[in-house]
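Notes follow the structure.
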Amino acid sequence: MGGGFYISKFVGVVGIVFGAGAVATVIALAVVYSQEVAKNEALSPTNGGSTIKPPVTTPGGSTVKPQITTPVIPTTAPSNEPWDKYRLPDTLKPDHYNLTLWPRLTVNAQDLYIFTGNSYVVFQCVKETDLILIHSNKLNYTKWGDDHLAKLSALGSTPAPTIKKSWIQPTTQFLVLELNGKLAVGESYQLDTVFVGELADDLGGFYRSVYTEEGEEKVVATTQMQPTDARKAFPCFDEPAMKAIFHITLLHPPMTVALSNGMEHAPVEVTEVGPKGPVTVWRTSFDKTKKMSTYLLAFIVSDYDYINSTNDNVLIRIYARKKAIADGQGEYALNKTGPILKFFEKYYNATYPLPKSDQIALPDFNAGAMENWGLITYRETALLYDPKMSSNSNKERIATIIAHELAHMWFGNLVTLRWWNDLWLNEGFASYVEYLGANEAEPDWNIKDLIVLGDVHRVFAVDALASSHPLSSREEDIQKPEQISELFDAISYSKGASVLRMLSDFLSEEVFSTGLSTYLNTFAYDNTVYTDLWDHLQMAVNSTGTSLPTGQTVHSIMNRWVLQMGFPVVTINTTTGLINQQHFLLDPSTAGSVPPSDFKYEWIVPIRWMNTGLVQQQIWLEDKTAIKPEMTVTGNNWILANLNVSGYYRVNYDNTNWERLLVVLSSHHESIPVINRAQLVDDAFNLARAKYINTTLALRTTKYLRSEREYMPWESALDNLDFFYLMFDRSEIYGIMQTYLKYQIEPLFKHFGNITGNWTNVPTGHMDQYNQVNAIRVACSTGIEECQTLTKGWYSQWMKDPANNPIHPNLRTTVYCSAIAAGGAAEWEFGWDQFQAATIAIEADKLRSALACTKQPWLLNKYLEYTLDANKIRKQDATSTIVYIASNVVGQSLAWDFMRDRWNYIFTQYGGGSFSFSNLINGVTKRFSTEFELKQLKQFQADNSEVGFGSGTLAVSQSIERTTANIKWVAENKDSVQTWFTTEVPKE
């Protein structure tokens with residue numbers, strides 16, 4: 001992903017004799033390394049190491065997702081030697097590391113940014129062995145006096161065996177030391193190394209981020225270790241279960257700030273030897289860390305400023321660019337961190353385990369954020385808030401991401417899962433409780449409801465495919481870095497969150513948090529597997545007398561949700577009381593390609609329900625079918641199941657009950673809870689896709705929207721109608737769909753005009769502010785003249801006076817898009833100029849998405865070219881920008897041609913395992929619905945089989961599956977959809 005070059009053969013070239021403490025040798029090594037690099041510019045670009053970060057769900061289900069860089073793995077079959085396996089042997093256990101790193105924030109004579117380091121690790125031998133394997137990737141080592149890459153010494157009375165042979169195994173990313181004798185069980189040893197690496201701009205390991213402040217370019221040296229990139233910063237036992245204590249020291253330019261997991265000590269001025277003679281640097285050391293995993297390490301050198309407060313003896317600091325701090329952009333995060341920490345202390349019944357909580361905003365960062373213990377790293381848009389520039393959705397994103405990361409301080413950091421196959425529990429848990437933490441910070445928002453749109457509905461779409469996968473994987477199936485990277489997907493995060501929310505709901509939050517508390521206290525500073533949590537929740541069930549279905553346990557219920565993919569559709573016949581469940585597949589014809597399940601795709605389903613507006617006692621569906629007489633109704637009475645969508649399943653009814661529910665929606669929709677109004681729409685559209693009900697029945701759930709003012713049902717309907725737009729916006733149906741939606745949105749548009757004093761104020765409610773955006777977006781895109789006049793007027797007013805933007809931050813994304821879509825080159829170029837001039841990442845993001853709205857193909861082609869120029873679009877934003885362009889009907893084919901044409905370049909430059917590649921492939925192909933497009937997609941798969949797709953591999957097969965289903969859906973539904981819209985459009 002970087003602009004530098006990697007010399008895999010350099011190890012062994014440098015024959016410098018190194019004596020302990022001879023830091024000058026490190027500098028000499030850097031010079032030799034640079035010269036070696038300069039000679040080898042013909043080698044391929046840096047393209048290795050895995051960096052992953054959490055996806056972040058924003059309202060409406062859009063997601064900022066991880067990116068990863070992954071080494072190209074040779075296709076030759078490895079030997080059976082330990083160094084050709086990807087997992088560490090169980091022979092050694094680290095105790096502590098002592099690590100000194102010196103990142104160079106300016107280029108050397110060879111125009112490279114580098115870092116140098118020396119470290120030692122003290123480890124214990126737990127099984128007799130004559131082999132040391134320690135992870136190392138893209139590091140080049142100084143040879144010691146005995147011509148080996150490391151020095152081994154014993155800490156006990158028995159001398160350490162000498163090293164027979166040492167080398168780097170690049171495929172499995174090991175530094176290998178074969179010994180002339182055995183290490184003794186129970187003895188401790190020390191392994192010293194001196195090394196150099198490139199401080200590349202590849203966003204993984206120890207990397208550099210660049211920004212401009214007051215005309216001056218500044219460099220930040222920062223880290224992203226998760227899941228397998230600590231080995232790119234220093235040699236280490238880089239697996240989550242290899243917990244150790246870390247003593248870290250950083251050398252850095254005077255007046256810069258050094259940060260790490262532990263509290264920093266005052267810097268000491270020292271003189272080191274550089275290539276041009278003595279250099280004055282500061283040496284900052286840190287308190288030793290708690291016992292922790294390598295993927296949670298962080299070290300950063302910057303020219304940043306900070307603000308701070310103290311909350312119950314915990315020092316809270318927000319670090320950012322000096323101007324961002326001076327402008328008060330860290331205040332919101334600072335004010336909310338304390339209350340969220342306090343909430344989690346109470347929720348877990350465990351005090352925060354560290355003396356400080358640092359949070360830092362980085363210009364270049366591939367994810368939303370990363371939960372490094374004591375030093376959380378964020379994208380600027382995920383931490384910095386400016387009331388003049390930031391919308392309420394930006395504010396919500398900041399609150400939820402802070403809560404997500406702080407939740408990990410206990411769940412994930414204090415207690416860590418043993419291996420990556422259980423990643424879903426770590427990320428799913430944080431993705432659930434982020435809503436609880438944010439609710440504590442902003443109690444007026446009703447934010448807990450939004451998990452239904454942001455996670456449950458979002459992941460239903462993926463988990464209803466035959467190519468989905470279970471939450472939990474077998475440990476032996478997850479070995480290579482790119483296999484680990486593939487786990488950071490919507491299933492792990494959003495399905496994990498959804499099933500844990502369901503579990504908390506049927507146990508009760510009190511019982512759930514009791515089990516959590518004993519789990520965290522029992523396994524503090526240790527590692528677990530997911531069933532350990534089930535054990536502790538079951539203990540809480542037993543101690544509180546909580547009732548579960550007879551003969552069932554937390555294990556027996558949850559195994560079905562965790563060990564098999566997918567989810568059920570529960571069908572209720574309100575005439576007979578018969579309930580049944582079936583594995584829900586968006587395309588029922590794919591049932592034959594679904595892998596077998598030990599549980600036969602049956603689940604133990606908790607059902608919360610109401611009868612004609614009255615909440616009933618929860619029931620359980622434990623078998624494929626059951627008779628529930630209490631669920632029979634007559635007359636105008638109706639049944640509604642899965643209240644508040646607390647369960648991870650869809651609900652279907654007999655046709656009579658559907659008709660009754662439609663009557664309730666059209667006559668007094670408030671009788672149905674607002675979350676369930678959103679659910680009825682979403683379930684109906686998806687049941688129609690899967691052929692359980694007619695498509696026209698699903699469309700009828702949108703008729704009542706003329707009287708709906710709440711955000712969630714509208715958002716659900718627009719999300720689902722978006723599929724109809726994707727399928728038909730290149731056909732004759734587009735016009736009548738637009739006319740229908742224009743008719744439906746008009747009352748909502750007028751409502752917001754009225755309650756905002758003709759658009760001069762902002763609605764008070766959080767969700768109302770979201771729905772105001774929906775009203776303007778849809779009103780403008782369907783051609784309501786008053787709306788288009790409004791947005792064009794605001795934008796042209798801004799063009800006349802660029803220093804004074806009259807558009808409220810909440811409305812900017814949609815107003816910019818509407819005005820740029822309606823305009824031409826002048827509007828686009830003004831938007832581009834403002835994007836380049838933006839000093840606030842949140843504002844830049846709004847403009848970046850809006851620039852993709854133009855209807856001019858030549859401008860979209862120009863914008864596509866910009867995406868692969870890191871001086872114009874940051875690397876972290878490239879793939880999402882291409883997806884924005886593909887979302888525009890004019891840009892879709894341009895983006896597809898561009899992606900196909902440049903795949904080799906994108907893949908190698910932007911990282912072979914990048915999680916955002918699955919977003920890219922899915923985003924660019926989501927409109928595909930013709931045989932011609934399917935043929936192109938299969939050709940794309942075949943043409944690039946050698947290059948590969950990294951962790952986007954599954955996305956290619958999902959896109960083929962989705963396109964096949966789309967083709968069938970259009971063929972089966974086009975005529976009836978056209979007839980329905982024609983009938984429903986009001987006659988002028």
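None of these values were measured; they are calculated from a predicted model. Residues: numbered from 1 along the sequence shown.
Within a 6.0 Å radius of CG in N313, other residues, nucleotides and ligands contribute 12 heavy atoms or fewer. Remark: K218 NZ is packed, more than 12 non-hydrogen atoms of other residues, nucleotides or ligands lying under 6.0 Å away.
A donor-acceptor contact shorter than 3.5 Å links the side chain of R104 to the backbone of W102. No side-chain donor-acceptor contact under 3.5 Å links Y347 to the backbone of S517. A donor-acceptor pair is defined here as one N or O able to donate and one able to accept, closer than 3.5 Å; no such pair exists between the side chain of D303 and the backbone of T256. Looking at E331, its side chain never comes within 3.5 Å of a backbone N or O of G328 through a donor-acceptor pair. A donor-acceptor contact shorter than 3.5 Å is absent between the side chain of E476 and the backbone of I478. Judged by distance alone, the side chain of S492 and the main-chain N or O of F488 form no donor-acceptor pair under 3.5 Å. Not a single donor-acceptor pair under 3.5 Å links the side chain of N394 to the backbone N or O of R397. For N311 (side chain) and V314 (main-chain N/O), no donor-acceptor pair under 3.5 Å exists by modelled atom type. Within the 3.5 Å criterion, the main-chain N or O of E434 finds no donor-acceptor partner in the side chain of T400. A donor-acceptor distance shorter than 3.5 angstrom exists from the side chain of K336 to the backbone of A441, with no hydrogens or angles considered.
The minimum heavy-atom distance between T381 and D845, with the atom names listed, is CG2-OD2, 3.4 Å. A233 and L101 make their closest contact through O-CD2, 3.8 Å (heavy atoms, listed as atom of the first residue, atom of the second, distance). Annotation for L297 and M225: closest pair O-CG, 3.3 Å, computed over non-hydrogen atoms. In terms of heavy-atom proximity, G412 sits nearest to N426 at CA-OD1, 3.2 Å. Shown here for L334 and S309, the closest heavy-atom pair between the two residues is CD1-OG, 3.6 Å. Here the shortest heavy-atom pairing between V459 and S498 reads CG1-OG, 4.3 Å.
Looking at heavy atoms from C-beta onward, P253 lies out of side-chain contact with W282 at the 4.5 angstrom threshold. In this structure, the side chains of T228 and I484 come closer than 4.5 Å at one or more pairs of heavy atoms. Side chains of M558 and L503 form a contact here, defined as non-hydrogen atoms less than 4.5 Å apart. For the pair L383 and I318, the minimum side-chain heavy-atom distance is below 4.5 Å. The shortest distance between side-chain heavy atoms of V220 and Y304 falls below 4.5 Å. Looking at heavy atoms from C-beta onward, P94 lies out of side-chain contact with V122 at the 4.5 angstrom threshold. Side-chain contact between L99 and T249 is absent, with no heavy atoms from C-beta onward closer than 4.5 Å. Considering only heavy atoms from C-beta on, C125 comes within 4.5 Å of Y189 through its side chain.
Side-chain atoms of Y519 and T528 form a donor-acceptor pair, as typed in the model, at a separation below 3.5 Å. A donor-acceptor pair shorter than 3.5 Å cannot be found between the side chains of K395 and S390. Side-chain contact, D287 with H265: a donor N or O sits under 3.5 Å from an acceptor N or O. Under the 3.5 Å distance criterion, with hydrogens and angles disregarded, a donor-acceptor pair is assigned to the side chains of E427 and H404. Checked by atom type, the side-chain pair H252/T284 shows a donor-acceptor distance below 3.5 Å. No donor-acceptor contact under 3.5 angstrom links the side chains of S473 and N421, judged on distance only. At a cut-off of 3.5 Å, with distance as the only test, no side-chain donor of D358 or Y306 sits close to an acceptor on the other residue. Using modelled atom types and a 3.5 Å distance limit, the side chains of Y378 and Q359 yield a donor-acceptor pair. With hydrogens and angles left out, the side-chain atoms of R231 and S136 include no donor and acceptor closer than 3.5 Å. One side chain, S119 or T193, offers a donor N or O that lies under 3.5 Å from an acceptor on the other.
Taking 4.0 Å as the cut-off between side-chain N and carboxylate O, R418 and E475 count as a salt-bridged pair. Salt-bridge formation is not detected for the pair R321/D305: no Lys NZ or Arg NE/NH1/NH2 atom is positioned less than 4.0 Å from an Asp or Glu carboxylate oxygen. Look at D477 and R474 and you find a salt bridge, because one of the NZ, NE, NH1 or NH2 atoms lies within 4.0 Å of a carboxylate O, short of that distance. Classification of E264 and R317 as a salt-bridged pair holds, one side-chain N sitting under 4.0 Å from a carboxylate O. Between K138 and E198, no side-chain nitrogen of the basic residue sits less than 4.0 Å from a carboxylate oxygen of the acidic one, so the salt-bridge criterion is not met.
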Next item on the list: Let me see the working for K290 and Y525 under side chain to side chain contact (heavy atoms under 4.5 Å, CB included), right down to the final yes or no.
Entry: CA-CA 8 Å; K290 303 282 190 184; Y525 306 106; 3.7 Å; yes
May I have the step-by-step check of side chain to side chain contact (heavy atoms under 4.5 Å, CB included) for D192 and N118, ending in yes or no?
CA-CA 7 Å; D192 288 75; N118 59 70; over 6 Å; no
What's the verdict on side chain to side chain contact (heavy atoms under 4.5 Å, CB included) for K232 and F206, showing C-alpha distance, side-chain angles and the deciding distance? CA-CA 7 Å; K232 259 182 88 190; F206 202 12; over 6 Å; no
Apply ring-ring contact (aromatic ring centres under 6.0 Å, His included) to the pair F246 and W373, showing each step before the final yes or no. CA-CA 12 Å; F246 296 85; W373 215 8; over 10 Å; no
Would you sort out whether D422 and V529 count as a side chain to side chain contact (heavy atoms under 4.5 Å, CB included), showing the intermediate values? CA-CA 7 Å; D422 283 338; V529 293; 3.8 Å; yes
**Study point:** side chain to side chain donor-acceptor pair (under 3.5 Å) evaluation trace for D364 with Y207
**Key:** CA-CA 10 Å; D364 297 283; Y207 73 92; over 6 Å; no
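Aromatic pair H135/F237: centroids not less than 6.0 angstrom apart. In summary, the aromatic rings of F429 and W410 are positioned with their centroids too far apart to meet the 6.0 Å limit. F523 has its ring centre less than 6.0 Å from the ring centre of H536. Ring to ring, F344 and F411 are not that close: their centroids are 6.0 angstrom or more apart. A distance of 6.0 Å or more separates the ring centres of F234 and F195.
Atom-to-atom distance recorded for S302:OG and L259:CG is 6.0 Å, nearest 0.5 angstrom. Rounding to the nearest 0.5 Å places CD of Q226 at 3.5 Å from CE of M370. Separating the CG atom in L417 from the CG atom in D532 is a distance of 8.5 Å, to the nearest 0.5 Å. Distance OG/S188 to NE2/H96: 9.0 Å, rounded to 0.5 Å.
Ring-plane geometry between Y432 and F512 is classed as perpendicular, the angle between the planes exceeding 60 degrees on a 0 to 90 degree scale with a lower cut at 30.
For the side-chain contact (heavy atoms from CB on, under 4.5 Å) with I134, the lone residue among L191, L88, D238 that qualifies is L191.
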